[in-house]
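First comes the structure, then the notes that go with it.
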Amino acid sequence: MHPMRQDLEEVLLTEEQIRHRLDDLAMEIQRDYAEKDLTLVAILTGSVMFIADLLRRLPMQLRLDYVGVSSYHGETRSTGELILTKALKLDVRDRDVLVVDDILDTGLTLVNIRAMLQKLQPQSVKFCTFLEKDIPHRENFQADYVGFHIPNKFVVGYGLDYRERYRNLPYVGTLRPEAIAAKL
Ligand code: PRP
């Protein structure tokens with residue numbers, strides 16, 4: 001058993017479920033971008049596991065870059081503020097950009113990333129999120145590719161953190177109240 005399993009109340013998505021869904025998602029992306037010049041832009045830090053697992057399933061030519069933004073500041077609720085921690089390195093003008101993130105929650109992050117990218121005049125910008133919370137998003141934001149739709153619960157694992165912990169859990173779950181109270 002994974003040592004962090006004891007801190008979980010419930011496992012929402014197993015490693016096997018994630019593997020299967022990613023196989024399908026990658027096939028969809030591969031099909032849609034077969035004739036295009038794809039630049040993946042992953043949002044730090046939560047997307048690390050998702051982008052790595054997605055990348056190894058995409059056989060076509062592509063480029064990868066990262067953007068760092070942070071909104072949670074170590075709490076389980078979004079504060080509404082966004083901090084840019086790492087700027088884009090690649091030129092995305094006239095490129096087909098696919099933004100990859102771990103979770104679409106309030107939409108604050110991706111709405112801001114969209115505005116930032118649009119100024120750089122890409123050919124196209126689409127959004128791929130591993131998880132989408134079943135709540136209304138800011139500006140009615142819609143992702144183009146979604147791994148899983150989940151209820152409005154605070155989840156950890158597969159890149160997602162609670163106070164920067166649990167990102168290395170290879171599956172997704174909810175924390176027990178004791179683990180939240182412990183504030184590692
Ligand atoms: C989390 C998550 C998403 C964003 C989603 O990032 O990784 O990027 O919040 O929430 P939103 O839709 O309400 O904007 P966080 O700011 O916690 O940074 P992290 O990826 O470093 O954990």
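As the structure lists them, so they are numbered: ligands from 1, and atoms in each ligand from 1.
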(message) Using a 4.0 Å cut-off to any heavy atom of Asp101, which atoms of ligand 1 qualify?
(response) 3 (C), 7 (O), 8 (O)
(request) Please state which part of Leu160 comes within less than 4.0 Å of ligand 1, counting heavy atoms only: side chain, backbone, both or neither. (result) neither
(request) Measure the spacing between CG of Leu8 and OH of Tyr171 and express it to the nearest 0.5 Å. (result) 5.5 Å
(request) Measure the shortest side-chain to side-chain distance between Arg95 and Ser124 over non-hydrogen atoms and say whether it is less than 4.5 angstrom. (result) no
(message) If I apply the N/O under 3.5 Å rule, does Glu164 come out as touching ligand 1?
(response) no
(message) Within the 4.0 Å heavy-atom shell around Asp102, which atoms of ligand 1 are there?
(response) 2 (C), 3 (C), 7 (O), 8 (O)
(request) Using a strict cut-off of 4.0 Å, indicate which atoms of ligand 1 neighbour a heavy atom of Gly46. (result) 19 (P), 20 (O)
(request) Only heavy atoms count here, so choose which of Ile83, Thr129, Thr106 is nearest to atom 11 (P) of ligand 1. (result) Thr106
(message) I'd like to check whether Leu110 has a polar contact with ligand 1, where a contact means an N/O of the residue lying under 3.5 Å from an N/O of the ligand.
(response) no
(request) Could you tell me whether the side chains of His137 and Glu132 share a donor-acceptor contact shorter than 3.5 Å? (result) yes
(request) May I ask you to check whether Ile43 has an N/O atom sitting below 3.5 Å from an N/O atom of ligand 1? (result) no
(message) I'd like to know if the side chain of Tyr162 pairs up with that of Asp7 as donor and acceptor (distance under 3.5 Å, no hydrogens or angles considered).
(response) no
(request) Provide the number and element of each atom of ligand 1 under 4.0 Å from a heavy atom of Gly107. (result) 11 (P), 12 (O), 13 (O)
(message) Whether the Arg93 and Gln121 side chains hold a donor-acceptor pair (N or O, under 3.5 Å, no angle test) is what I'd like checked.
(response) yes
(message) Show me which atoms of ligand 1 lie under 4.0 Å from any heavy atom of Thr45.
(response) 19 (P), 20 (O), 21 (O)
(message) Check for me whether Arg138 has a heavy atom closer than 4.0 Å to any atom of ligand 1.
(response) no
(request) Decide yes or no for Leu44 and Thr85: does some side-chain heavy atom of the first lie under 4.5 Å from some side-chain heavy atom of the second? (result) no
(request) Check Glu132 against ligand 1 and report side chain, backbone, both or neither, counting heavy atoms closer than 4.0 Å. (result) neither
(message) For Tyr158 and Phe130: C-alpha separation, side-chain torsions, deciding distance, then whether ring-ring contact (aromatic ring centres under 6.0 Å, His included) applies.
(response) CA-CA 10 Å; Tyr158 201 72; Phe130 174 60; 4.5 Å; yes
(message) With rounding to the nearest 0.5 angstrom, report the CZ to CG distance, Arg56 to Leu22.
(response) 9.5 Å
